[in-house]
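Numbers restart at 1 for each chain; the letters A, B, ... are given by sequence-line order, proteins then strands.
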Amino acid sequence: MSIQADLQLRRGEFALDVHLDVLERGISAIFGPSGCGKTTLLRAIAGLEPAVRGTLKVNGETWQDADHFVAPHRRPIGYVFQEPSLFAHLDVRGNLDYGLRRLRGKARQDSLQQAVELLGIGHLLARQPQQLSGGEQQRVAIARALAVSPALLLLDEPLAALDRERKNEILPYLDSLQRELGLPMLYVSHSRDEVARLADHLILMGDGLVQHSGPVAELFARLDLALAQEPDAETVIEAEVAGYDPEYQLNWLDFPGGRFIVAGKPLPKGRRVRLQVMARDISLTLEHQRMTSILNIFPATVEQIAATGVAQVNVRLRVGNTPLLARVTRKSADALGLQPGKSVYAQVKSVALLV
Amino acid sequence: MTPLENDLTALFITLKLAALTTLVLLLVGTPIAWWLARTRWRFRFLIEAMVALPLVLPPTVIGFYLLLMLGPEGPLGMLMQALGGQSLAFTFSGLVIGSVFYSMPFVVQPLQGAFAAIGARPLEVAATLRASPLDRFLTVALPLARNGFLTAAVLGFAHTLGEFGVVLMIGGNIPGSTQVISIAIYDHVESLEYVRAHWISAGLLLLSFALLMLVYALNRRFSLVRA
């Protein structure tokens, strides 16, 4: 997927001025605080904001420039709104068929079948939208968007209106969508957790501007961004299941830089997983501790140090090729003599398996 | 014509007038209501006020100006004559035109309310599901506004049934052609035929009541319009 956007909108106090050039597979998250223009950008890409000026090219096709405006119904997208917005006058099947029936040429019936199976809504087809729970409605809305076989799926905070339980109900479906269909997605969110869990690529927005854009693992570990200043600063690491220790029930998860050992049920070998390491769960030592209960200890190099608050510092480490963020007290940093280039050992006290 | 035949003819003309007026109003009023519900034009209130005028004006005022417009000296009347027809004053066609103006708010306002209640979202969803603007209107806006259409049709029909002042001004009182039921009642009272006046009046009362009951019952059963 490639998106080249150069879009402007002025509406009262609010101004959007976006320059964006992404060329990514997988899920790209548009992340930022409320009111920063995330949704407006997504709507502009869908063609739902006719007042937006500028140029927009997706996968090499011009969707908007000074002379052209491709109407929304002619853009090969799927769109999931924050509220499920199912058609109240149609049952679930009618909602799912609505877009499918409008596909020209030989409609891919299997795209609907696949979406229904992936989202687990086969048993709901004859129901009316009002009879479904919020989570079920949103799953139907996602399947409805998938049924038109979009080249790009746009999701506008699809989980924001749901409680935690419903979120956890839908997140695995979004994960599997990506894995099974390989469909490029643009995902608007203001939740770090969702971004950490789902996104491969991160587009940081603020005040109507795109401030940074890059791989999630890189941006989460950047000390100069607000992300690292939050109490729950974290690093996201992609790993692959390398094996299993049945005696102790431990998964071996390899990443460029070492191997994480994580307790749990055996995962299929070769499966890609995502690990979340909180910066506050890492402690640093100068020597490799042998007699310790901590399983995950990696040799690392200090890249950069930045204060966060008055008593603590963020330390950006590199483990092999992988950036890793640690948070320690300023006192400890001084005691260890931490400075860029210094070799340390990172002891990871806990690690969360996100998938 | 016997008095009974005369009354039946007046009733028939009234029903025909109301049905035709309702049909014309649904065709003309739907685009107006759709536009009013969706436009961001800042002077929209001008059109809304014009549509609402018949609610407050004495029907004789509307009838008077329509008579000037439709009569042999009026612009519409001259146009009709230039096209080889006759002036529309004192004809059934003239009555339909007058009734369309007179009942306009009763059709446009419920439709506008119904369209506004749908909001932009379902139409945006339809757009992202490959539906063209006309397609969206036909397959999303119309079914979701179904209740508004029922209300509009019944109110437009019922209001035209009870029309008096406009009809008297531009249609006159020609039995078998432009005499409607409300004027027949007036004639009966004038000539002290109270029993006949009773029959028709009570019939009209019941019919109007039944129609309005239908409107309110439907509005209770479907919550779509009030969302």
Give a yes or no on whether B/Phe45 atom CZ has more than 12 heavy-atom contacts from other residues, nucleotides or ligands under 6.0 Å away. yes
Please tell me if the side chains of B/Leu129 and A/Arg102 come closer than 4.5 Å, counting only heavy atoms from C-beta onward. no
Please check if atom NZ in A/Lys167 has more than 12 non-hydrogen atoms from other residues, nucleotides or ligands closer than 6.0 Å. yes
Note, A/Leu48 side chain near B/Thr128 side chain (heavy atom, < 4.5 Å): yes
Which bit of A/Arg43 is near chain B, if near means a heavy-atom gap under 4.5 Å: side chain, backbone, both or neither? side chain
Any side-chain heavy-atom pair of A/Tyr98 and B/Val140 under 4.5 Å: yes
Answer whether the closest heavy-atom distance between the side chains of A/Phe81 and B/Glu124 falls below 4.5 Å. yes
Select one option (side chain, backbone, both, neither) describing which atoms of B/Ala120 are under 4.5 Å from chain A's heavy atoms. neither
Is there a side-chain contact (heavy atoms from CB on, under 4.5 Å) between B/Arg136 and A/His73? Walk through the geometry before answering. CA-CA 10 Å; B/Arg136 306 203 274 273; A/His73 67 281; 3.9 Å; yes
Considering residues, nucleotides and ligands other than A/Phe14, do more than 12 of their heavy atoms fall under 6.0 Å from its CZ? yes
Is it the case that over 12 heavy atoms from other parts of the model lie below 6.0 angstrom from the CZ atom of B/Arg121? yes
B/Ser132 backbone acceptor or donor facing A/Arg74 side chain under 3.5 Å: no
More than 12 heavy atoms of other groups within 6.0 Å of B/Phe164 CZ: yes
Should we count NE2 of B/His198 as having more than 12 external heavy atoms under 6.0 Å? no
Tell me whether the count of non-hydrogen atoms from other residues, nucleotides or ligands lying under 6.0 Å of CZ in B/Phe64 goes above 12. no
B/Thr139 backbone acceptor or donor facing A/His89 side chain under 3.5 Å: yes
